[in-house]
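One structure below.
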Number of protein chains: 2
Amino acid sequence: MPPADPHSNPLVRKLDNFARLSFEERRILHHAATERVRRIGARESLVHEGGKPPDISLLLSGWACRYKMLSDGRRQILAFLIPGDLFEQNGHVLREMDHSIGTLTPVEVGEIARPRFDEVLSERPRIAQGLLWDTLVGAAIQREWTVNLGRRDAPERVGHLLCELFVRLQSVGLTLGNRCDLPLTQNELADATGMSTVHVNRTIQDLRAANLIILREKTLTIPDMDTLKRATRFSPTYLHLQRVGGHLDASD
Amino acid sequence: MPPADPHSNPLVRKLDNFARLSFEERRILHHAATERVRRIGARESLVHEGGKPPDISLLLSGWACRYKMLSDGRRQILAFLIPGDLFEQNGHVLREMDHSIGTLTPVEVGEIARPRFDEVLSERPRIAQGLLWDTLVGAAIQREWTVNLGRRDAPERVGHLLCELFVRLQSVGLTLGNRCDLPLTQNELADATGMSTVHVNRTIQDLRAANLIILREKTLTIPDMDTLKRATRFSPTYLHLQRVGGHLDASD
DNA sequence: CGACGCCTTGACTAATCTCAAGGGTGGTGG
DNA sequence: CCACCACCCTTGAGATTAGTCAAGGCGTCG
């Protein structure tokens, strides 16, 4: 059951990092996103490369990822989807998916039909701006992953990714102090960072030994965020969380 | 001097790969993009990380790139911009640039003021759709680079990039048979593929020895595209060039 | 009680980087 | 006009990083 309270809707929370929505806007957005909710188990396929793009979908709970398989079985994870992430917002423009999307944990996905979505956007420009901001941040994250894979060494790469995930989870209220859930296997981290599973394992052990992270039982603890940021050259600028649309804030 | 004929405008040509524009739309788009043209030399900065996003800009001729520097001087090239590429279409939404843009060759850049741009979009939905398509293709390219850096070995990586550039150049009419200009140094290829310059050099020699590419004096020749595609596991699907908006074609 | 997935370790191999140096070319200033 | 410099491409040798293969422990779930 999706939460009844708009304020606990992770997309609503995320957009607060851009500009404050009005009470009415929160209600509308939450309602549209929870009218039709699918519950899906872990490690299932949501969208298949080559297939038709799905309806606009919002991850309400759980984790998923975009990924691409090569013909010989190599997999690259392109992005992690966490609660509050909208996917295929503009899917209807393309004929077919160029990558796949699959769940990592059990998830709840809210599906919004195109006409309903367009209606919300045209009636609520602040929401439209917020979702545009979200799309741009998504592109910035993809660029940062390019940097990560291309120019950072193993400890930086893994640590940087963990930093990013922590900050993103924080922006939707899914952290508790310096801790958060991290339901990823080392194999998934490897496919996201372009490394082998064995090397991820050794790298994590190094990060642990340097007391940069504590990671066990699917929980990540960051003892000292500043130190980890410095060690991994993480600068959160690219996440554009500084309420860049603050001038659009609703007044109610 | 920008070309006077809309049909030779590289953006107009590119959008033809999505849906056919009307005569009037071509004229409007070309006109808006060439009202104010800046000419800039090679290896100059167009936009600086941390600075304010620029006006909407269209690369009319020459090459540029998006890139990011790390604090110790490592550079990652995030994207190559070729004629017809629009950049910072939605820059106004973000407060500051999270990466830089610089020229690689001398370029001509058309700048379009935001109000003028919005006017064109709202009056010409087919252009708006085309530019949205272009943005989505840009995101798909960024994802493909993620795959390239994360999961392909050196020869695949370089060859795949060359395939992509060739096909993109083709889509704006900048190839001649199986040849195209490729004004990149091996150092720039290295920063794009996440490799060292030395290794790029050796990899190119391997590709040459296998007769997959001919690359000299800034000209790339691909003797057999099918073989190169197979060797580098290149599938052009992600470029979405199959006229996916064909149902929107103008009738004049 | 297996079977399986996940994390871990060791030993070995392969890919890639770094450092160093030389040749070619084009542009610039004396 | 020529010397010089900067940049680019190339090559070799050695160091380093990361991958592969193989195996064992541990917990979970049917």
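Chain letters run A, B, ... following the sequence lines, proteins first, then strands; residues in each count from 1.
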Inset, instruction - For A:Arg152, report the nucleic acid contact type (base, sugar-phosphate, nothing); a contact means any heavy atom under 4.0 Å. - result: nothing
Inset, instruction - Take atom CZ of A:Arg74 and atom P of D:dA18, then tell me their distance rounded to the nearest Å. - result: 18 Å
Inset, instruction - Would you tell me if any nitrogen or oxygen in the side chain of B:Arg43 comes within less than 4.0 Å of OP1 or OP2 on D:dC8? - result: yes
Legend entry - More than 12 heavy atoms of other groups within 6.0 Å of A:Leu70 CG: yes
Inset, instruction - Could you state the atom-to-atom distance from CG of A:Asp191 to P of D:dG19 in whole Å? - result: 11 Å
Legend entry - A:Glu44 side chain near A:Val107 side chain, heavy-atom distance below 4.5 Å: no
Legend entry - Phosphate OP1/OP2 of D:dT10: any B:Asn201 side-chain N/O under 4.0 Å: yes
Inset, instruction - Among residues two or more places apart or on two chains, list those pairs meeting salt bridge (charged side-chain N to carboxylate O under 4.0 Å, His left out) that have a residue in residues 194-205 of chain B. - result: none
Legend entry - Aromatic centroids of B:Trp145 and B:Tyr238 separated by under 6.0 Å: no
Inset, instruction - Quick one: label B:Thr185 by what it contacts on the DNA or RNA (base, sugar-phosphate, nothing), any heavy atom closer than 4.0 Å. - result: sugar-phosphate
Legend entry - Residue of the set A:Gln76, A:Arg66, A:Glu49 for which side chain to side chain donor-acceptor pair (under 3.5 Å) holds with A:His99: A:Arg66
Legend entry - Bounds of contact between DNA chain C and chain A, in 5' to 3' order, using a heavy-atom cut-off under 4.0 Å: C:dC6 to C:dA11
Legend entry - Phosphate OP1/OP2 of D:dC9: any B:Gln205 side-chain N/O under 4.0 Å: no
Inset, instruction - Figure out the CG/P separation between A:Leu189 and D:dG19, and round it to whole Å. - result: 14 Å
Legend entry - Length of the line joining B:His199:NE2 and D:dT10:C1', which is rounded to integer Å: 15 Å
Legend entry - Rounded interatomic separation in angstrom, taking CZ from B:Arg208 and C1' from D:dT11: 13 Å
Inset, instruction - In whole angstrom, give the distance that lies between atom CG of B:Leu207 and atom P of D:dT10. - result: 12 Å
Legend entry - Donor-acceptor pair between B:Thr197 and B:Asn187 side chains, under 3.5 angstrom: yes
Inset, instruction - Could you work out which one of D:dC21, D:dC9, D:dT10 sits closest to the side chain of A:Val198? - result: D:dC21
Inset, instruction - On DNA chain C, check which nucleotide each of B:Val200 and A:Glu188 is closest to and give me the residue with the more 5' one. - result: A:Glu188
Inset, instruction - Give the rounded distance in Å between these two atoms: CZ of B:Arg202 and P of D:dG14. - result: 13 Å
Inset, instruction - For B:Gln142 and A:Thr146, test the side chains for any donor-to-acceptor distance below 3.5 angstrom and give the result as yes or no. - result: yes
Inset, instruction - Figure out the CZ/P separation between A:Arg216 and D:dG27, and round it to whole Å. - result: 14 Å
